[in-house]
Participant: 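Okay, here's the structure, questions in a sec.
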Amino acid sequence: MRRRTFMRAAGAAAVTLALSGAALAQETVKIGLILPMTGPFASTGRQIEAAARLYMQQQGDTVAGKKIQLIVKDDTGVADVTKRLAQELIVNDKISVMAGFGLTPLALAPAPLATQAKVPAVVMAAATATITEASPFIVRTSFTLPQATVPMAEWAAQNGIKKVVTLVSDYGPGIDAEKAFTGAFTAKGGQVENLRVPLANPDFSPFLQKVADAKPDALFVFVPSGIGAQFMKQFVERGLDKSGVKLIGPGDVTDDDILNGMGDVALGAITTQHYSAAHDSPENKAFVEAFKKANPNMRPNFMAVGGYDGMHLIYEGLKKTNGQGGQALIDAMKGTSWTSPRGPVSIDPQTRDIIQNIYVRKVERVNGELYNVEFATIPNVKDPVKAAKAN
Ligand code: DHB
């Protein structure tokens, strides 16, 4: 009798243990954050990971009663690796969301997996306009190059610039920037010559020699985040800083991660973008201060704000679905609006792209450090490529 009671009790305990194990497993929501943490684009990975961890530190790791687990993977900037990591995270780790995606090819490679597995993918960095069209499960908290660039063309046309040479990295976002600038600037009567430089190990000098020979009013530049310092060094070596050619472009070339190290050559550069560490708002002051405190010697750039807002979008979505992923989660994210460190933002329910202010900025020295100081705002800008298709 006693033995049987014991067996029954032990059996009940085992069932309880198994149940609570299952309950515990269900209660964890896993986010797979895939980023270039090494290689030439490691600054993007470093910025986004730091911002995602800051968000979790501030907001806690429980949402809708579920424990949030962040799994960070290094794709080294290679698209095949991103795809393999996404597959492993979906199949083995059973993630509810994937996020990160430091460059356009790294966002496109896992898009079919997001669709097949119905796992939402939050693009926090990559910025070619078409990315959100690669899967109905992709949502974006970074920006698109046409969104950031059309205001640059308009500013240039309104400010006495007539002849421009464009110099862009020869892949998705660079081609987007080139086309958006050329289209909008020539429509206002401007003249443009287009040059493209390889993405990998770029040598800018032969292109900069062409710019020196063409003597345009301005040089429009797009290089991905982290590469601007290399460009600036060669710009000075070619003597272009003393040639009177104005430097303009989307804000990637003067990104906050490297801007302060560029020196006086960057002073006066005019760029258009959605984020500056110098953005004057209480939300941004708090963000920059907390980011610097958690990451000494780092200043948040536009990649960091994409990561921080991406985590916010995931948290808000999970609150609405009570922790459920899949179709419910991507649907819950559509139309979400909030006040970001960059200003007011919302997720366009039609395109799953972010609608945000674009600011015109000038590099200035503030308290001894270089910043992109905002001086004009174009409010609530949608990706113009998709807006044109919708009309
Ligand atoms: C992309 C990458 C960047 O670092 C950037 O600043 C803009 C766009 C991209 O590959 O999409």
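The structure displayed is predicted, hence computed values, not measured ones.
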Participant: If only atom types and distance count, is the side chain of Ser142 paired as donor or acceptor with the main-chain N or O of Ala125 below 3.5 Å?
Facilitator: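 Yes; judged by distance alone, with no hydrogens or angles, the pair exists.
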Participant: Under 3.5 Å, side chain of Asp176 to main-chain N/O of Ala129, donor-acceptor pair present?
Facilitator: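 The answer is yes, because a donor-acceptor pair under 3.5 Å joins these two groups.
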Participant: Under the criterion salt bridge (Lys or Arg N to Asp or Glu O under 4.0 Å), which of Arg352, Lys386, Arg140, Lys389 is the partner of Glu133?
Facilitator: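 For Glu133, the salt bridge (Lys or Arg N to Asp or Glu O under 4.0 Å) check succeeds only for Lys389.
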Participant: Counting distance only, does the side-chain N/O of Ser225 pair as donor-acceptor with the main-chain N or O of Asp252 below 3.5 Å?
Facilitator: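 The answer is no, because no donor-acceptor pair under 3.5 Å joins these two groups.
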Participant: If we ignore hydrogens and angles and just use 3.5 Å, is the side chain of Thr186 paired with the main-chain N or O of Gly189 as donor and acceptor?
Facilitator: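 Not at all, since once roles are kept as given, no pair shorter than 3.5 Å links the two residues.
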Participant: Show your working on side-chain contact (heavy atoms from CB on, under 4.5 Å) between Ile161 and Phe185 and close with a plain yes or no.
Facilitator: CA-CA 10 Å; Ile161 293 172; Phe185 191 62; 4.0 Å; yes
Participant: In terms of the angle between their ring planes, are Tyr171 and Phe222 parallel, tilted or perpendicular, with boundaries placed at 30° and 60°?
Facilitator: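 The rings of Tyr171 and Phe222 sit tilted, inter-plane angle from 30° to 60°.
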Participant: Look only at the side chain of Asn372 and the backbone of Lys362, and say whether a donor-acceptor pair between them is shorter than 3.5 Å.
Facilitator: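 The answer is no, because no donor-acceptor pair under 3.5 Å joins these two groups.
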Participant: Is there a salt bridge (charged side-chain N to carboxylate O under 4.0 Å, His left out) between Asp331 and Lys334? Walk through the geometry before answering.
Facilitator: CA-CA 5 Å; Asp331 286 345; Lys334 294 173 191 170; 3.1 Å; yes
Participant: Less than 6.0 Å separating the ring centroids of His279 and Tyr359?
Facilitator: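 Yes, the ring of His279 comes within the 6.0 Å limit of the ring of Tyr359, centre to centre.
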Participant: Determine the sole option in Ile354, Thr144, Asp348 for which the side chain to side chain contact (heavy atoms under 4.5 Å, CB included) test with Lys382 is passed.
Facilitator: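 The option that passes is Asp348.
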Participant: What is the ring orientation for Tyr308 with Tyr55, classed by angle as parallel under 30°, tilted 30 to 60°, or perpendicular over 60°?
Facilitator: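 Tyr308 vs Tyr55 ring planes: perpendicular.
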Participant: Compute both the distance and the angle, then confirm whether Arg299 meets the cation-pi test with Tyr371: under 6.0 Å from the six-membered ring centre, within 45 degrees of the axis.
Facilitator: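 That pair qualifies as a cation-pi contact.
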Participant: Is it true that Asn194 and Thr182 share a donor-acceptor pair across their side chains at a distance under 3.5 Å?
Facilitator: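 Side chains of Thr182 and Asn194: pair found under 3.5 Å.
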Participant: Is the backbone of Val72 close enough, under 3.5 Å, to the side chain of Glu49 for a donor and an acceptor to pair up by distance?
Facilitator: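 Checked: no pair found.
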